[in-house]
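Single-structure report; data block below.
Throughout, protein chains are lettered first and strands after them, A, B, ... in sequence-line order, and every chain is numbered starting at 1.
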Protein chains: 2
Amino acid sequence: MNKTKKERLTNAGWKTGTVAEFLHLTAEEELYVELKASLSQQLKRRREQSHLTQEELARMLKSSQSRIAKMEKGDPSVSIDLLIKSLLALGTTRREIAKAIT
Amino acid sequence: MNKTKKERLTNAGWKTGTVAEFLHLTAEEELYVELKASLSQQLKRRREQSHLTQEELARMLKSSQSRIAKMEKGDPSVSIDLLIKSLLALGTTRREIAKAIT
DNA sequence: AGATTGTATGTCATTTCTGACATAGATGCA
DNA sequence: TGCATCTATGTCAGAAATGACATACAATCT
């Protein structure tokens, strides 16, 4: 965003900044959300590489299509625990999980 | 364990093997438990390096001494989520967390 | 247009996790 | 010995996550 646009928005009463600021996240919360997002993306990649639909993966994991969708979207209702268990079930190694987190 | 001892135990009716086998864990469950144990150890290391007691850390995290103890012991009742949130609160970077997981 | 396939989103009963508390080790010190 | 400090373990009410379901959305067909 260039300076001019920012000034225009600010003058018009808008606040500018990061998503984290907008959502009032602390530094730690932001790191947590980002870390979770990385795992979400990794899960989606692995599923697509395996040519599985969300429904097929759900059956494999004894979960549901809607929960898989939420996992891949980084929905607040899904835990890192579930993401990691899912990745492990898909054959992801610790090293690969670590790489995704970095 | 040397061969002789294993034979003795086996002959006496004991089964030998890994903890995972004893607890009837699947391969994925075993990986999950190991990964969690790594984070537990990392948390304990960081706390001790910071010269904090469990009680002090508990106050910092708005948790309780007993939960910190359970975290560091890898108790089944604690989630990876809580471990990661705690590590982040202690200033651990994503890179360091990734390293611990590897 | 309608039909099919795959993904997203809202809701909810049940399950699991969490902080808090009590209390039991464990270690050191007077 | 008793006393203080730190850690471990069991329990439980309240909070959060889970799978399941319905349904909406999107893309691709005939």
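A:S38 is linked by a side chain to side chain contact (heavy atoms under 4.5 Å, CB included) to B:R94, counting only residues two or more places apart in sequence or in another chain. Considering only residues two or more places apart in sequence or on other chains, A:A58 meets the side chain to side chain contact (heavy atoms under 4.5 Å, CB included) condition with A:I68. When the side chain to side chain donor-acceptor pair (under 3.5 Å) test is applied to A:Q42, the partners found at least two apart in sequence or on another chain are A:R45. Residues satisfying the side chain to side chain donor-acceptor pair (under 3.5 Å) criterion with A:S64, sequence neighbours excluded, are A:S66. The side chain to side chain donor-acceptor pair (under 3.5 Å) test applied to A:T92 returns A:R46, not counting sequence neighbours. Legend: residues meeting side chain to side chain donor-acceptor pair (under 3.5 Å) with B:T93, ordered by chain and number and at least two apart, are B:E96.
Interatomic distance, A:L35 CG to A:T102 OG1, rounded to the nearest 0.5 Å: 9.0 Å. The OG atom of A:S50 lies 10.5 Å from the CD atom of A:E56; values are rounded to the nearest 0.5 Å.
Annotation: proximity of residues 55-63 of chain A to DNA chain D (heavy atom, distance under 4.0 Å) is found for A:K62, A:S63, numbered in ascending order. Residues from residues 37-52 of chain B with heavy atoms under 4.0 angstrom of DNA chain C: there are none. Within a heavy-atom distance below 4.0 Å of DNA chain D, the residues of residues 69-86 of chain B found are B:A69, B:K70, B:K73.
Among residue pairs with one or both ends in residues 79-90 of chain A, those qualifying as side chain to side chain donor-acceptor pair (under 3.5 Å) are A:D81-B:Y32; sequence neighbours excluded. Evaluation of the salt bridge (charged side-chain N to carboxylate O under 4.0 Å, His left out) test over residues 59-77 of chain A, restricted to residues two or more places apart or in two chains, returns A:R47-A:E72.
Judged by atom type and distance alone, A:Q65 reaches the base of C:dA8 through a side-chain donor-acceptor pair under 3.5 Å.
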Worked check of side-chain hydrogen bond (donor to acceptor under 3.5 Å, both in side chains) between B:Q65 and B:E55: CA-CA 5 Å; B:Q65 180 270 324; B:E55 189 134 358; over 6 Å; no

Intermediate values then yes/no, side-chain contact (heavy atoms from CB on, under 4.5 Å), A:L83 and B:I80: CA-CA 10 Å; A:L83 283 164; B:I80 289 184; over 6 Å; no

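A pairwise comparison of heavy atoms in B:K36 and B:V78 identifies NZ-O, 2.8 Å as the closest pair.
Of the two residues near DNA chain D, B:R67 and B:T53, the one whose nearest nucleotide lies more 5' is B:T53.
In the 5' to 3' direction, nucleotides of DNA chain D lying under 4.0 Å from heavy atoms of chain B begin and end at D:dC6 to D:dT11.
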